[in-house]
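Note that the structure is predicted; figures quoted are calculated from it, not measured. These values consider heavy atoms only, across backbone and side chains, with no hydrogens, waters or symmetry-generated copies.
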Amino acid sequence: MKNLQETVKDVSQSLARRKSGRPSASELQGDELREHIIAAASIVYGEHGYRGTTVEKIAQAAGISRPLFYRQFKSRWDVVDIIIKRANQALLFAADKAMSETEDLFPMLSAGIDAYFDWCRNYGAVVGPLYQEINDPESPACVHNKNTVKQMVNLLLEMVKKRNLPNYSPLLFETLVHTIEHTGSMIFWPEAQSEEVLSKSRAILQRIVTASLARPEDENQVPSIDSVCD
């Protein structure tokens, strides 16, 4: 399955190859047309957020007419909802896969942080509005974020239970998940920061997460305070 960045690239190349003027319905049909509009809408959403994303802007980005858009979607909500839903599903899948590859708690959490950073790289500009709109009831991001955070917390609780680890409070995991997503929104939007900044940000998250979950016997696994100092 293509990630968002690959799909957007395909759409951009497709638009560049097309002659001037909007394509007719016969040029793009069925699933191809639908995916074309979704990818174009993702570009608009990444640049303008939900409140600034209009059907007119989506149609212009896709090189289609408004009537053609409405043959596929009822409103801008429908298409942005798909973009956000897919992004969140991809994050959950990536985190589950990465963290399932090790039995030890702290390497597992480290893999989860790396999976989140990789997800941010793949979704580029969309990361910003996804995070900024988590408390905006008008945006589909609000509903999806609450559901995704809940699923992520349940995933973590299930993983620590399988490993016979302490019964950590769900609120603790929820707090850590929000901390990680906040950091990602800062360092990957509006554009990705330097590798030096990424490395430092990862070290800070590593320190926060391990210090929050470490038992007395785990203290030697908590990164030194020097790792988060400039």
[X] versus [Y]: any side-chain heavy-atom pair under 4.5 Å?
X: K97; Y: F93; value: yes
X: P129; Y: W189; value: yes
X: S75; Y: V55; value: no
X: V127; Y: R121; value: no
X: R215; Y: P166; value: yes

Practice task
Apply side-chain contact (heavy atoms from CB on, under 4.5 Å) to S201 and V197, showing your working.
Solution key: CA-CA 6 Å; S201 299; V197 172; 4.0 Å; yes
Spacing of [X] atom [atom1] and [Y] atom [atom2] [to the nearest 0.5 Å]:
X: L33; Y: L68; atom1: CG; atom2: CG; result: 5.0 Å
X: E181; Y: L130; atom1: CD; atom2: CG; result: 9.5 Å
X: D218; Y: L165; atom1: CG; atom2: CG; result: 8.5 Å
X: Q60; Y: R66; atom1: CD; atom2: CZ; result: 11.5 Å
X: T53; Y: I43; atom1: OG1; atom2: CD1; result: 11.5 Å
X: M159; Y: M108; atom1: CE; atom2: CE; result: 6.0 Å

How close do [X] and [Y] get, heavy atom to heavy atom, and via which atoms?
X: S224; Y: R207; result: C-NH1, 3.8 Å
X: S42; Y: V126; result: O-CG2, 3.8 Å
X: P223; Y: Q206; result: CG-CG, 3.9 Å
X: I84; Y: S139; result: CD1-OG, 4.4 Å
X: L156; Y: L109; result: CD2-CD2, 4.1 Å
X: V153; Y: P170; result: CG1-O, 3.8 Å

Problem - Enclosure of K57 NZ (heavy-atom neighbours >12, cutoff 6.0 Å) - result: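 Yes - once you tally the heavy atoms of other residues, nucleotides and ligands closer than 6.0 Å, there are more than 12.
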Handout entry: E191 atom CD, neighbour heavy-atom count above 12 within 6.0 Å
Key =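 Incorrect, the count does not exceed 12.
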Is [X] reaching over with its side chain to a backbone N or O of [Y], donor-acceptor style, under 3.5 angstrom?
X: W77; Y: E138; value: no
X: H36; Y: A62; value: yes
X: R76; Y: T54; value: no
X: S199; Y: E195; value: no
X: R163; Y: E103; value: yes

Salt bridge or not for [X] and [Y], using N-O below 4.0 Å?
X: R86; Y: E35; result: yes
X: R202; Y: D114; result: yes
X: E196; Y: K200; result: no
X: R34; Y: D31; result: no

Answer with yes or no whether the hydrophobic clustering places [X] together with [Y]; edges join I, L, V, M, F, W, Y residues whose side-chain heavy atoms lie under 4.5 Å apart.
X: V149; Y: L213; result: yes
X: Y70; Y: I83; result: yes
X: Y131; Y: F117; result: no
X: V177; Y: L171; result: no
X: I134; Y: L92; result: no

Exercise for the section: Could you walk me through whether Q221 and T210 pass side-chain contact (heavy atoms from CB on, under 4.5 Å), step by step? Expected result: CA-CA 7 Å; Q221 298 197 57; T210 54; 5.9 Å; no
Exercise for the section: Please determine, by modelled atom types, if Q72 and D78 share a side-chain donor-acceptor pair under 3.5 angstrom. Expected result: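 The criterion, which ignores hydrogens and geometry beyond distance, is not satisfied for D78 and Q72.
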Exercise for the section: Given side-chain contact (heavy atoms from CB on, under 4.5 Å), test F69 with V79 step by step and report yes or no. Expected result: CA-CA 10 Å; F69 172 89; V79 67; 4.2 Å; yes
Problem - Single hit among I208, I113, T175 for side chain to side chain contact (heavy atoms under 4.5 Å, CB included) with I180 - result: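 Among the candidates, only I113 passes.
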Problem - is_close_aromatic(Y45, Y50), centroid dist under 6.0 Å - result: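 Distance test on ring centres: not under 6.0 Å, no.
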Exercise for the section: Establish, yes or no, whether a centroid distance under 6.0 Å links the rings of F188 and Y123. Expected result: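 No, too far apart.
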Practice task
Assess whether side-chain contact (heavy atoms from CB on, under 4.5 Å) is satisfied between N145 and H178, documenting all intermediate values.
Solution key: CA-CA 10 Å; N145 179 264; H178 281 304; 4.1 Å; yes
Exercise for the section: Report the relative orientation of the aromatic rings in Y168 and F173; use parallel for angles under 30°, tilted for 30 to 60°, perpendicular for over 60°. Expected result: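 Y168 vs F173 ring planes: perpendicular.
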